[in-house]
Amino acid sequence: QVQLVESGGGLVQAGGSLRLSCAVSSTIGSSSSVGWYRQAPGKQRESVAVIRVSGRPAYADSVEGRFTISRDNAGNTVYLQMDSLKPEDTGVYYCMIDYGPPRYAFWGQGTQVTVSS
C-alpha cells in the first residue's frame with residue numbers, strides 16, 4: 001500500500017512563501033502523475049499543480065506564476081513551492097500520486113495552509 005505524508009504547511013502572512021513536501025512510500029518515477037490539490041471550507045477540492053508522465057507541469061490559473069511543483073524521483077518526494085501567497089490560497093493541501101491507467105490514485109492526509117492579511 002502506498003502512503004503519502006505531507007509537511008510544510010502553516011500560517012504565513014500574505015506575500016510570504018511556504019514549501020510543501022510529500023514523502024511517498026513507493027517509487028514516484030513509475031507513476032503516471034503526481035500533484036497537489038487543495039480544499040477550502042465550503043468549497044470543492046481543486047487541482048493546484050500536477051506533473052504527468054510527460055514531465056510538464058500544469059497549474060491552476062489562480063496559482064500560475066506563483067507556485068512551482070517539482071519532484072525528486074530518487075528521494076520519492078514531491079514538492080510545492082508557494083510564493084506570493086494570498087489569503088485565498090488558504091486551505092488543506094493534499095498530495096496525490098496516480099499509478100494508472102486505469103486510475104489508481106493515493107492521497108496524503110493533508111496539511112493546513114493559512115494565509116493571513
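Just so it is clear, the values below take in all heavy atoms, side chains as well, and ignore hydrogens, waters and symmetry mates.
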If hydrophobic clusters are built from ILVMFWY residues whose side chains come within less than 4.5 Å, do Y93 and V12 share one?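 Looking at the clustering, V12 is in the same group as Y93.
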Applying the 4.5 Å side-chain criterion to the ILVMFWY set and letting contacts propagate, would V5 and V78 be lumped into a single cluster?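 In one cluster with V5: V78, no.
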With a sphere of 6.0 Å drawn around CD of E88, does it hold more than 12 non-hydrogen atoms of other residues, nucleotides or ligands?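 Counting other residues, nucleotides and ligands, CD of E88 exceeds 12 neighbours.
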Side-chain touch [X]/[Y], heavy atoms, less than 4.5 angstrom:
| X | Y | answer |
| --- | --- | --- |
| S17 | Q81 | yes |
| F67 | D89 | yes |
| V24 | F106 | no |

Roughly how far, to the nearest 0.5 Å, is the [atom2] atom of [Y] from the [atom1] atom of [X]?
| X | Y | atom1 | atom2 | value |
| --- | --- | --- | --- | --- |
| Q3 | Q1 | CD | CD | 6.0 Å |
| L80 | C22 | CG | SG | 10.5 Å |
| R19 | D83 | CZ | CG | 11.5 Å |
| W36 | Y59 | CH2 | OH | 12.5 Å |
| Q112 | R38 | CD | CZ | 12.0 Å |
| L4 | S26 | CG | OG | 7.5 Å |

Quiz question: by atom type and distance under 3.5 Å, do the side chains of D72 and T77 form a donor-acceptor pair?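 Judged by distance alone, the side chains do not pair up.
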Verify whether one side chain among E6 and Q109 offers a donor that lies under 3.5 Å from an acceptor in the other.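 Q109 and E6 do have a side-chain donor-acceptor pair below 3.5 Å.
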Which heavy atom of [X] sits nearest to which heavy atom of [Y], and what is that distance?
| X | Y | answer |
| --- | --- | --- |
| I69 | P57 | CG2-CB, 3.7 Å |
| S33 | V50 | CB-CG1, 4.1 Å |
| D98 | S31 | O-CB, 3.4 Å |
| R66 | L85 | NH1-CA, 3.8 Å |
| N76 | T27 | OD1-CA, 3.3 Å |
| A60 | S47 | CB-O, 3.4 Å |

Anything under 30° is parallel, anything over 60° is perpendicular, the rest tilted; go ahead and classify Y94 against W107.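 Because their plane-to-plane angle is over 60°, the rings of Y94 and W107 count as perpendicular.
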S32/Y99 under side-chain contact (heavy atoms from CB on, under 4.5 Å): CA gap, chis, key distance, verdict: CA-CA 5 Å; S32 61; Y99 289 98; 5.9 Å; no
Please lay out, stage by stage, how V92 and T111 fare under the test side-chain contact (heavy atoms from CB on, under 4.5 Å). CA-CA 5 Å; V92 179; T111 185; over 6 Å; no
Show, in sequence, the C-alpha distance, side-chain angles and deciding distance for V34 and M96, and conclude whether the side-chain contact (heavy atoms from CB on, under 4.5 Å) test is met. CA-CA 6 Å; V34 296; M96 181 278 297; over 6 Å; no
Determine whether V113 and L20 satisfy the following criterion, side-chain contact (heavy atoms from CB on, under 4.5 Å), listing intermediate values before the conclusion. CA-CA 9 Å; V113 172; L20 306 183; 4.1 Å; yes
Under a 3.5 Å distance rule, please check whether T90 uses its side chain to pair with a backbone N or O of V115 as donor and acceptor.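 Yes; judged by distance alone, with no hydrogens or angles, the pair exists.
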